[in-house]
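These values consider heavy atoms only, across backbone and side chains, with no hydrogens, waters or symmetry-generated copies. Chain letters run A, B, ... following the sequence lines, proteins first, then strands; residues in each count from 1.
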Amino acid sequence: MYRKQTCGELRLANVGQEVTLAGWVQRVRKMGGLTFVDLRDRYGITQLVFDESEADAALCDKATHLGREYVIQVIGVVRERESKNKNIPTGDVEIVAKELNVISVSEVPPFTIEDKTDGGDDLRMQYRYLDLRRPMVRKNLELRHKLAFEVRRYLDAQNFLEVETPMLIKSTPEGARDFVVPSRMNPGQFYALPQSPQQFKQLLMVAGFDRYFQIVKCFRDEDLRADRQPEFTQIDCEMSFVEQDDVIEMFEGMMKHLFKELKGIEFDKFPRMTWEDAMKYYGSDKPDVRFGMKFVELKNMSPLRAYVQGADTSGVGQSVFPEGQFTVFDSVPYVAGINAKGCAGYTRKQIDGLTDFVKRSQIGAKGLIWVRKNDDGSLKSSIDKFYAPEVIEAICQKFEAEPGDLMLILCGEMRRTQKQLCALRLEMGQRLGFRDPSVYVPLWVIDFPLFEWDEETQRYYATHHPFTSPNPDDVPLLDTDQGKVRSWAYDCVMNGVELGGGSVRIHDSKLQEKMFELLGFTEEKAMEQFGCLINAFKYGAPPHAGLAFGLDRVVSMFAEIDSIRDTIAFPKNNQGRDVMIDAPCAIDQAQLDELQIALNLKEE
RNA sequence: GGUGCGUUAGUUCAGUUGGUUAGAAUAUCGCCCUGUCACGGCGGAGGUCACGGGUUCGAGUCCCGUACGCACCGCCA
């Protein structure tokens, strides 16, 4: 062994012991004849001291020539420090070096290996193995390890079996784009990497495995974001003989277990919200409910058929605005806003800034209307010239406005405006400091619509996937009004992030056939893509349901960071490139020949 | 596919209305320093201002294009 102790373990109790440490040189501080060296390994930092008045000159001279990130071994005696450092656990002691061996020298690293590094993201990714030496980054991976470990501990205790499913599977054109892998032994044919083990976990239920989970890599060839990687990890689960509530309770239990074990946080029962309410009050299927600022509808003339079955349609068909006074509001079906409590003091410049924010092309609002209730109770708004004071007063009543409040109002088509208002609400929540990453507020979003209408192709698509069970109460609507059908699907949402989601699956062949029919699959097409599962269901399929959590996102939430990149040891950049190993890359002609593949690159 | 921001020393950034030799911090190197731990002091070295084109007497600065990075919209059953 190159070492007998680690750099994180020595304390006052060890004073007088001879120790052998090995690690990386964090920093060298020269004080004339006295030299301090900070030695770092995974477990901490320990100070070495070389004193010319005590040790031989050659040893001390060697220490002064150490560079950052040299790997060294040192043998010495633990001594209590003359001046202690309260900032580090080993700060009471130091090692009086007797022997120093340079095991490996280092070039000067391109950035400093410290928590507050001077390196940019790009450079850190290129030298990820250096970046990973930084305790901040390593901590996230330690957290990831512990979290995955606790997931296994919880699910094992609940009788779940971890089963591996294949990575080389069959491509399906529905859903996200597949990564494909050519098959040498089957020229012209391709495997796909799984977007998720969806069909396999359902087959495991048919096989009677009853409770399955897997912490598994999934692959989607779609454009990336801070919280999206081309390969990501799911905690993938499925259970038999259960209904929606059973699954929700099981995995609410898992989340509670994780928060208790890793953060010491205990939750009451997670609240549930219907998809329709999430849209109506927050404009999002993953609302951030750390703060209120719920939408207030001032006018809603949207047709009733726009709502799913059982939705709260109170207020539909009502408007606080008299007609013929403001053509903008007259011409739209939907006007709604949020109350930014205590923001009446916003300057013209600040409101203009918010207007610019909602008019950005990503959000796409035409403009922003505001109403201010001043501290003295007087009202001022950007629509004073269109409406009588009583109308402005009526608006304030809808918002339950108090002196000092600022109401921000958008209008347009309902769903579009809800999304815009959602962006504005989150922006205001950010500005007002309501989005504290150390505050966790979970909820389940339920009652998703089973189908989504696609304007482009003029047909319905499955919101979740084609195996999702409709709510049995809504089955009659499958024939009459598909848009109103609720599904038995559920998402676990926390702080505006979708951490996971799943559904009850269809186990009845007849109902499954009907679903394929409604989604525009011919029998042949359905058999071609999902034949295996359809056939399996002919041999006795148990009722089953499941869900999957995004492990990377769960870890980033626990770590209180926005990007999932620093929860992954070797992540990819915005373009899906690994800049460290330079992948993807072109391959040899010989490899292409063997696969019988010819490239046909677009010139441009 | 689209929008926005960015690209200047190893690194992180500043650089005014377009005008002399492009600066700071940090890292690095040298000298000094015996209780530092963000050590301190003095000194040195370090630049194809991303690339290509344009406007101009003159471009790091203005315009157009390209590349790359980040964030977002579309997309992600």
Side-chain angles (χ1 to χ4, degrees), chain A residues 26-39 45-55 60 64-65 67-69 79-88 90-91 94 107-127 130 172-178 195-196 198-199 218-230 232 356-357 359-364 419-420 423 426-427 448 450-452 454-456 460-468 487 489 498 501 503 515 519 521 529-530 550 562-563 565 573-575 577 579 604:
Chain A
Q26 177 73 32
R27 186 177 287 109
V28 178
R29 288 181 295 278
K30 293 172 217 169
M31 310 284 303
L34 187 67
T35 300
F36 297 105
V37 177
D38 286 344
L39 188 65
I45 285 183
T46 297
Q47 177 169 287
L48 315 177
V49 60
F50 298 83
D51 191 336
E52 269 180 14
S53 68
E54 302 172 8
C60 295
T64 63
H65 289 98
R68 275 164 58 204
E69 300 307 311
R79 176 169 81 181
E80 182 171 2
R81 286 203 204 180
E82 239 172 74
S83 53
K84 298 185 171 58
N85 182 352
K86 291 195 183 77
N87 298 321
I88 59 173
T90 63
E94 63 194 357
E107 289 186 14
V108 176
F111 51 89
T112 54
I113 314 291
E114 289 162 4
D115 280 349
K116 279 193 123 182
T117 183
D118 61 2
D121 291 350
D122 192 19
L123 202 67
R124 290 173 44 214
M125 293 262 264
Q126 195 183 336
Y127 296 91
L130 297 182
T172 52
E174 290 271 315
R177 294 180 184 88
D178 284 321
Q195 296 173 24
S196 81
Q198 185 61 38
Q199 289 191 60
C218 301
F219 306 86
R220 292 178 192 172
D221 188 9
E222 294 292 346
D223 288 2
L224 306 176
R225 292 280 192 287
D227 63 348
R228 267 193 246 157
Q229 285 271 297
F232 60 101
D356 289 343
F357 174 79
K359 285 169 86 171
R360 284 164 49 204
S361 66
Q362 283 94 333
I363 296 175
K419 284 190 76 173
Q420 295 166 350
L426 292 175
E427 174 69 16
F448 281 78
L450 186 61
F451 300 103
E452 259 172 336
D454 183 68
E455 282 295 333
E456 231 171 87
Y460 280 109
Y461 283 87
T463 304
H464 197 54
H465 59 59
F467 313 111
T468 301
S487 66
E498 181 197 328
S503 62
M515 277 295 290
L519 290 168
F521 284 83
Q529 282 186 34
F530 309 110
D562 289 327
S563 170
R565 280 179 207 159
N573 75 4
N574 258 4
Q575 298 306 312
R577 297 201 68 86
V579 293
E604 248 173 299

Can you check whether [X] has a side-chain N or O nearer than 4.0 Å to OP1 or OP2 of [N]?
X: A:K116; N: B:A27; answer: no
X: A:R68; N: B:U28; answer: yes
X: A:N574; N: B:C70; answer: yes

How far does the [atom1] atom of [N] sit from the matching atom of [M], given to the nearest Å?
N: B:G53; M: B:A71; atom1: P; result: 32 Å
N: B:A27; M: B:G18; atom1: C1'; result: 33 Å
N: B:U12; M: B:U28; atom1: C1'; result: 15 Å
N: B:C49; M: B:G15; atom1: C1'; result: 11 Å
N: B:C73; M: B:U11; atom1: C1'; result: 33 Å
N: B:G23; M: B:G46; atom1: C1'; result: 14 Å
N: B:C5; M: B:C63; atom1: P; result: 11 Å
N: B:G60; M: B:U66; atom1: P; result: 23 Å

Could you pull out all residues at least two apart from [X] that satisfy side chain to side chain contact (heavy atoms under 4.5 Å, CB included)?
X: A:D121; result: A:R124
X: A:T35; result: A:V28, A:K30, A:V37, A:F50, A:A63, A:T64
X: A:Q126; result: A:L123, A:V579

Under 4.0 Å, counting only non-hydrogen atoms across every strand here, what does [X] touch: a base, just sugar-phosphate, or nothing?
X: A:K419; answer: sugar-phosphate
X: A:F111; answer: nothing
X: A:S196; answer: base
X: A:T117; answer: nothing
X: A:G120; answer: sugar-phosphate
X: A:E452; answer: nothing
X: A:R27; answer: sugar-phosphate
X: A:N85; answer: base

Base [N] to side chain [X], donor-acceptor N/O within 3.5 Å cut-off:
X: A:Q575; N: B:G69; answer: no
X: A:Q47; N: B:U36; answer: yes
X: A:R29; N: B:U34; answer: no
X: A:R220; N: B:C75; answer: no
X: A:R228; N: B:C76; answer: yes

Can you tell me the base-pairing partner of [N]? Count Watson-Crick or G-U wobble geometry only, both distances below 3.5 Å, and say none if there is no partner.
N: B:A24; result: B:U12
N: B:U48; result: none
N: B:A67; result: B:U7
N: B:C75; result: none
N: B:C42; result: B:G30

Please confirm whether the backbone N or O of A:V108 pairs with a side-chain atom of A:R68, one donor and one acceptor, at under 3.5 Å?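 Side chain of A:R68 to backbone of A:V108: no pair is present.
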
Side chain of [X] (C-beta onward), nearest among [options]:
X: A:M31; options: B:G10, B:U34, B:C75; result: B:U34
X: A:V108; options: B:C76, B:A71, B:U28; result: B:U28
X: A:L123; options: B:C33, B:U11, B:U34; result: B:U11
X: A:R565; options: B:G35, B:C70, B:G10; result: B:C70
X: A:N573; options: B:G69, B:G74, B:U34; result: B:G69

Heavy atoms, side chains only, cut-off 4.5 Å: are A:R27 and A:E114 in contact?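 They are in side-chain contact.
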
Would you say A:Q47 and A:R29 make side-chain contact, with heavy atoms under 4.5 Å?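 They are in contact (side-chain heavy atoms under 4.5 Å apart), so the answer is yes.
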
Mark yes when over 12 heavy atoms from residues, nucleotides or ligands other than A:N574 sit less than 6.0 Å from its CG; otherwise mark no.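 Counting neighbours around CG of A:N574, more than 12 heavy atoms of other residues, nucleotides or ligands fall under 6.0 Å, so yes.
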
For A:K84, I'd like to know if atom NZ has over 12 heavy atoms of other residues, nucleotides or ligands within 6.0 Å.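 Yes.
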
Can you measure [X] atom [atom1] to [N] atom [atom2] for me and round it to whole angstrom units?
X: A:K30; N: B:G35; atom1: NZ; atom2: C1'; answer: 17 Å
X: A:E114; N: B:U11; atom1: CD; atom2: P; answer: 17 Å
X: A:I363; N: B:G74; atom1: CD1; atom2: C1'; answer: 14 Å

If you restrict it to nitrogen or oxygen atoms, what contacts under 3.5 Å exist between nucleotides 24-26 of chain B and the protein, and what is each distance?
none

Nearest 0.5 Å please: distance from the CG atom of A:D178 over to the CZ atom of A:R220.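 With rounding to 0.5 Å, CG (A:D178) is 10.0 Å from CZ (A:R220).
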
For the atom pair CZ (A:F451) and CE (A:M515), what is the distance rounded to the nearest 0.5 Å?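 Rounded to the nearest 0.5 Å, the CZ-CE separation comes out at 4.0 Å.
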
What nitrogen or oxygen pairs link the protein and nucleotides 1-4 of chain B at under 3.5 Å?
residue, atom, partner, partner atom, Å
B:G1, O6, A:D223, OD2, 3.3
B:U3, O2', A:S361, OG, 3.1
B:U3, O2, A:Q362, NE2, 2.5

Ionic contact status for A:D223 with A:R228, cut-off 4.0 Å: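 No, this pair does not count.
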
Please identify each residue that fulfils ring-ring contact (aromatic ring centres under 6.0 Å, His included) with A:F111, with sequence neighbours left out.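 In terms of ring-ring contact (aromatic ring centres under 6.0 Å, His included), with neighbours along the sequence ignored, A:F111 is linked to no residue.
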
